[in-house]
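This chain uses plain numbering: 1 for the first residue, then up along the sequence.
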Amino acid sequence: ETLIGILDRGDCFGEGALFGDRFRGATARADTVCYLLQLPLADVRAALSAAPELAQALRQIYQRRLVESTLGRVPLFSRLAPVDRMHIADALRPIQFNRNTVILREGATGESLYLLVSGQVVVEQSGQAIAYLEEGDFFGEMSLLTRQPHNADVRALTPVEALALPAADLDALLASHPTLAAQLTEVVERRRTSHTAARGDLERQAHLATLLKHGL
């Protein structure tokens with residue numbers, strides 16, 4: 001269980017069901033004696049069309065919590081305190097990519113760290129698939145940490161929803177959280193070793209190519 005946030009007087013929850021099913025796995029637990037006002041979702045839906053300000057406010061709350069819950073599911077950030085994740089959430093910007101879009105191009109300068117909210121991407125070097133990533137994974141960190149151009153393409157295998165953390169915000173975050181910086185450095189080293197091994201594993205490359213060709 002990962003703590004996503006703490007709600008207080010005047011806050012609302014349960015709005016996620018109005019916009020999607022992303023929060024079915026989340027639990028709201030009373031930490032103290034609570035007195036609540038409960039509004040049936042059917043009544044709220046009926047009111048949204050006549051109250052666009054309410055609809056906009058609820059959608060903003062939903063999107064904010066979606067970002068915070070995504071950070072809580074990403075192993076790199078899950079150990080941070082909720083208040084720290086809230087600060088990161090302020091800097092994240094949602095972004096979408098269509099299938100087969102090249103999100104990062106080999107040789108280009110890194111500008112952001114990307115967190116995968118939904119969908120899958122493939123990492124390719126010189127046209128060869130060396131890894132694939134899915135919900136909860138992140139990419140783009142190598143170029144930002146090494147100050148070198150991207151050493152691989154990252155291409156969307158499916159429609160992708162992601163959160164982008166600009167390089168300047170990542171630098172500030174790592175400067176204030178040395179432990180996080182060390183964890184990210186370890187991830188980079190593991191990926192570098194894995195990618196080197198993958199390039200020399202012709203059998204693995206053939207298997208990946210077959211899977212991708214058949215849309216698996």
Side-chain angles (χ1 to χ4, degrees), residues 1-29 31 41 44-45 48 52-99 101 103-104 110-121 132-145 154 156-177 179-181 183-184 187:
E1 293 185 358
T2 300
L3 181 62
I4 296 175
I6 299 174
L7 307 183
D8 206 343
R9 182 177 181 176
D11 290 327
C12 69
F13 58 93
E15 80 294 330
L18 295 170
F19 306 105
D21 59 0
R22 298 286 180 83
F23 287 95
R24 288 182 179 176
T27 299
R29 180 180 294 112
D31 195 46
L41 285 177
V44 178
R45 288 191 180 97
L48 292 183
E53 296 86 358
L54 174 62
Q56 181 180 5
L58 288 176
R59 181 171 290 278
Q60 288 176 346
I61 293 172
Y62 167 73
Q63 292 175 337
R64 172 73 180 213
R65 287 182 181 161
L66 183 60
V67 170
E68 292 174 358
S69 66
T70 298
L71 289 175
R73 294 196 310 273
V74 176
L76 181 66
F77 299 110
S78 61
R79 296 181 183 179
L80 295 177
V83 65
D84 291 326
R85 292 202 297 268
M86 288 174 62
H87 291 315
I88 300 174
D90 289 334
L92 291 172
R93 53 185 180 88
I95 189 169
Q96 297 179 336
F97 300 97
N98 294 325
R99 182 179 181 181
T101 300
I103 302 173
L104 299 182
E111 297 179 350
S112 298
L113 170 73
Y114 294 89
L115 309 176
L116 269 171
V117 177
S118 66
Q120 293 180 320
V121 302
Y132 72 92
L133 306 173
E134 54 190 2
E135 179 179 331
D137 288 325
F138 58 91
F139 56 92
E141 78 291 338
M142 286 190 182
S143 176
L144 299 183
L145 290 181
V154 177
L157 283 177
T158 67
V160 165
E161 293 182 16
L163 297 170
L165 181 64
D169 294 293
L170 177 63
D171 290 341
L173 175 65
L174 298 181
S176 60
H177 293 82
T179 301
L180 184 64
Q183 291 175 351
L184 189 56
V187 171

Legend entry - Pairwise side-chain contact, Leu18 with Arg45, heavy-atom cut-off 4.5 Å (strictly under): yes
Legend entry - salt bridge (charged side-chain N to carboxylate O under 4.0 Å, His left out) partners for Asp90, two or more places apart: Arg64
Inset, instruction - Would you check if Leu92 and Leu71 make a side-chain contact, meaning some heavy-atom pair closer than 4.5 Å? - result: yes
Inset, instruction - Please answer whether the main-chain N or O of Gly140 pairs with a side-chain N or O of Ser143 as donor and acceptor at a distance below 3.5 Å. - result: no
Inset, instruction - Mind listing the closest non-hydrogen atom pair of Ala91 and Leu165 along with its distance? - result: CB-CD1, 3.8 Å
Legend entry - Residues in side chain to side chain contact (heavy atoms under 4.5 Å, CB included) contact with Asn98, at least two apart in sequence or another chain: Thr101
Inset, instruction - Could you please spell out the steps behind the side-chain contact (heavy atoms from CB on, under 4.5 Å) verdict for Asp169 and Leu113? - result: CA-CA 10 Å; Asp169 294 293; Leu113 170 73; over 6 Å; no
Inset, instruction - Keeping the roles fixed (side chain from Thr158, backbone from Gln120), state whether a donor-acceptor pair exists under 3.5 Å. - result: yes
Legend entry - Over all atoms of both residues, closest heavy-atom pair of Cys12 and Leu58: SG-CD2, 4.2 Å
Inset, instruction - Please state whether the rings of Tyr114 and Phe97 are parallel, tilted or perpendicular, taking 30° and 60° as the class boundaries. - result: perpendicular
Inset, instruction - Looking only at non-hydrogen atoms, find the nearest pair between Leu41 and Ala17 and report the distance. - result: CD1-CB, 3.6 Å
Inset, instruction - Answer yes when Arg65 and Glu15 have at least one side-chain N-carboxylate O distance shorter than 4.0 Å, and no when they do not. - result: yes
Inset, instruction - Check whether any side-chain heavy atom of Val121 sits under 4.5 Å from a side-chain heavy atom of Leu104, and report yes or no. - result: no
Legend entry - Glu111 to Leu144 - nearest heavy-atom pair and separation: N-CD2, 4.0 Å
Legend entry - CG-CD distance between Leu48 and Gln56, expressed to the nearest 0.5 angstrom: 12.0 Å
Inset, instruction - Measure the spacing between CG of Leu133 and CZ of Phe139 and express it to the nearest 0.5 Å. - result: 7.5 Å
Inset, instruction - Check for a donor-acceptor pair, side chain of Arg93 on one end and backbone N or O of Ala164 on the other, with a separation under 3.5 Å. - result: no
Legend entry - Exercise: identify the closest heavy-atom pair between Pro94 and Leu163: CA-CD2, 3.8 Å
Legend entry - Point-to-point distance, once rounded to the nearest 0.5 Å, from CG of Leu116 to CD of Glu135: 8.5 Å
Inset, instruction - Might you point out which heavy atoms bring Gly16 and Tyr62 nearest each other, and give the distance in Å? - result: CA-CD1, 3.7 Å
Inset, instruction - List for me each residue that meets side-chain hydrogen bond (donor to acceptor under 3.5 Å, both in side chains) alongside Asp137, sequence neighbours excluded, and say none if there are none. - result: none
Inset, instruction - For the residue pair Val117 and Val67, establish whether any side-chain heavy-atom pair is separated by less than 4.5 Å. - result: no
Legend entry - Interatomic distance, Glu161 atom CD to Ser118 atom OG [nearest 0.5 angstrom]: 3.5 Å
